[in-house]
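The next block holds one structure in the form of structure tokens; read it before the comments.
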Amino acid sequence: MTARIIDGKAISQEVRAEWKLRADALKARGITPGLAVIIVGEDPASKVYVGNKIKACAELGIYSEHLELPADTTEVELLAQIAKLNADPKIHGFLVQLPVPKHIDSNKVLLAISPDKDVDGFHPMNVGELVTGNPKFQPCTPFGVMKLLEKSGVEIEGRHAVVVGRSNIVGKPMALMLLQKNATVTICTSKTVDLAKFTRDADILVVATGKPQMISGDMIKPGAAVIDVGINRLANGKLVGDVDFDSASAVAGWITPVPGGVGPMTITMLVASTVMAAERSMA
Ligand code: NDP
């Protein structure tokens, strides 16, 4: 079997076009959705992400601000900037790009963001609403994975979904979203004994470990939908996922490439969440 490629770039364009219509409808009613991103310090990868977020906003005609604060910004100063954005009517959603420098407590930062503007969905109140099945904002990467599955016609209800990885930003919310769609969900971690036993039973396999190419074709059920969240740079400069694409695509039914799979969806869902927040502000 040769897997169908889930083209994240194409699906992302399709989803952006849908959300642009909603952003345009808001603008016709006098509201321009606004997103702000705070970045603290000089992390080059974070700068690239932030640049891409600003570009996506421009594409949808969304107002965006980005605040670049120096690495020695104190926690008190950062919390003061967050308070300003919480009160700013032009801004419907914002986030603080993680990681923040070590002298800042990232939990305090997440708690300070108004749950009504928390487009990343990391505030404990929004996490709780995801757990109870009525989320206001959902973490963008797993939210994007759900869109990829939906747009590719992958059946979720009643299927066995295995999520490898349990981070707060990908693995755990991913498992909750699949559960919400009536999948039977297994979560695997670095402590799982005999990982392949679980992955081989997965109809839907989502891998988010940060371990390059750790899932090979012999660990995959024939016909499964394989979603590779990982982004890893090899020593030779090549970008690869957590799944070994060549062997996996010979067995899977669907597969996301890296790059060009999950990555483009993450930012798309961020702008979608900003438009959603602006819509809610009118209610
Ligand atoms: P974390 O490092 O926070 O979490 C990794 C998880 O993988 C942990 O739960 C860990 O288990 C588990 N894990 C590690 N090794 C193994 C193993 N051998 N077997 C089973 N489980 C294992 O990573 P993130 O969730 O933040 O990110 C994961 C990957 O996704 C990274 O490559 C990252 O770059 C990428 N990413 C991509 C995004 C996108 O937009 N496409 C967005 C966010 C992340 P344990 O808890 O036991 O340590």
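Nothing fancy with the numbering, it's 1 onward along the sequence. All figures in this text were calculated on a predicted structure; none of them were measured in a lab. All ligand and atom numbering here is 1-based and tracks the order in the structure.
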**Study point:** Close side-chain approach of Met265 and Val145, heavy atoms under 4.5 Å
**Key:** no
**Study point:** Residue part near ligand 1, for Val164, under 4.0 Å between non-hydrogen atoms
**Key:** side chain
**Study point:** Contacting atoms of ligand 1, where contact means under 4.0 angstrom from a heavy atom of Gly165
**Key:** 6 (C), 7 (O), 9 (O), 12 (C)
Practice item. Answer with side chain, backbone, both or neither: which part of Thr189 has a heavy atom less than 4.0 angstrom from an atom of ligand 1? Key: both
Check your understanding: With a cut-off of 4.0 Å, which atoms of ligand 1 are near a heavy atom of Val262?
Key -> 41 (N)
Check your understanding: Is Arg166 touching ligand 1 with its side chain, its backbone, both, or neither, if touching means heavy atoms under 4.0 Å apart?
Key -> both
Check your understanding: Which protein heavy atom lies closest to atom 33 (C) of ligand 1, and at what distance to 0.1 Å?
Key -> Ile231 N, 4.3 Å
Exercise for review: Using a strict cut-off of less than 4.0 Å between a Lys/Arg side-chain nitrogen and an Asp/Glu carboxylate oxygen, indicate whether Glu18 and Lys147 qualify as a salt bridge.
Suggested key: no
Review point. Are there more than 12 heavy atoms of other residues, nucleotides or ligands under 6.0 Å from atom NZ of Lys136?
Key: yes
**Study point:** Shortest protein contact, atom 11 (O) of ligand 1 (heavy atom only)
**Key:** Ser190 N, 3.2 Å
Check your understanding: Heavy atoms only: which of Thr141, Ile215, Leu98 is nearest to atom 38 (C) of ligand 1?
Key -> Thr141
Review point. Quick one: which ligand 1 atoms are inside 4.0 Å of a heavy atom on Lys211?
Key: 15 (N)
Review point. For ligand 1, is there an atom lying under 4.0 Å from some heavy atom of Gly171?
Key: no
**Study point:** Side chain, backbone, both or neither: the part of Met214 lying under 4.0 Å from ligand 1 by heavy atom
**Key:** side chain
Check your understanding: Nearest protein heavy atom to atom 4 (O) of ligand 1, by residue and atom, and its distance?
Key -> Ser167 CB, 3.8 Å
Revision key, fill the gap. For Gly263, the ligand 1 atoms with a heavy-atom partner under 4.0 Å come out as 41 (N)
**Study point:** Minimum side-chain heavy-atom gap Arg233-Leu239 below 4.5 Å
**Key:** yes
Point to revise | Heavy-atom neighbours of Met214 CE exceed 12 at 6.0 Å | key: yes
Point to revise | Heavy-atom nearest neighbour in the protein, as seen from atom 40 (O) of ligand 1, with distance rounded to 0.1 Å | key: Thr266 OG1, 2.8 Å
Point to revise | ligand 1 N/O within reach of Ile169 N/O, cut-off under 3.5 Å | key: no
Practice item. List the closest protein heavy-atom neighbour of atom 44 (C) of ligand 1: residue, atom name, distance to the nearest 0.1 Å. Key: Val170 CG2, 4.0 Å
**Study point:** Thr132 side chain to Asn134 side chain, donor-acceptor N/O pair below 3.5 angstrom
**Key:** no
Check your understanding: Does the cation-pi check pass for Arg22 over Trp19, that is, NZ or CZ under 6.0 Å from the six-membered ring centre and within 45° of its axis?
Key -> yes
Check your understanding: Can you tell me if OH on Tyr63 sees more than 12 non-hydrogen neighbours from other groups inside 6.0 Å?
Key -> yes
**Study point:** Worked verdict on Leu95 versus Leu270 for side chain to side chain contact (heavy atoms under 4.5 Å, CB included)
**Key:** CA-CA 10 Å; Leu95 59 95; Leu270 176 70; 3.5 Å; yes
**Study point:** Distance filter under 4.0 Å to Asn232 heavy atoms, resulting ligand 1 atoms
**Key:** 32 (O)
Review point. Does the distance from a Lys or Arg side-chain N to an Asp or Glu carboxylate O, for Lys20 and Asp24, drop under 4.0 Å?
Key: yes
Review point. Which heavy atom of Val258 sits nearest a heavy atom of Val240, and at what distance?
Key: CG1-C, 3.7 Å
Review point. So, Ser12 and Thr268: side-chain donor and acceptor under 3.5 Å apart, yes or no?
Key: yes
Point to revise | Distance from atom 2 (O) of ligand 1 to nearest protein heavy atom, with residue and atom | key: Thr209 O, 4.5 Å
Review point. Please state which protein non-hydrogen atom is closest to atom 31 (C) of ligand 1 and give its distance, to 0.1 Å?
Key: Gly210 CA, 3.6 Å
Review point. Considering only protein heavy atoms, which is closest to atom 36 (N) of ligand 1, and at what distance to one decimal place?
Key: Val229 O, 3.7 Å
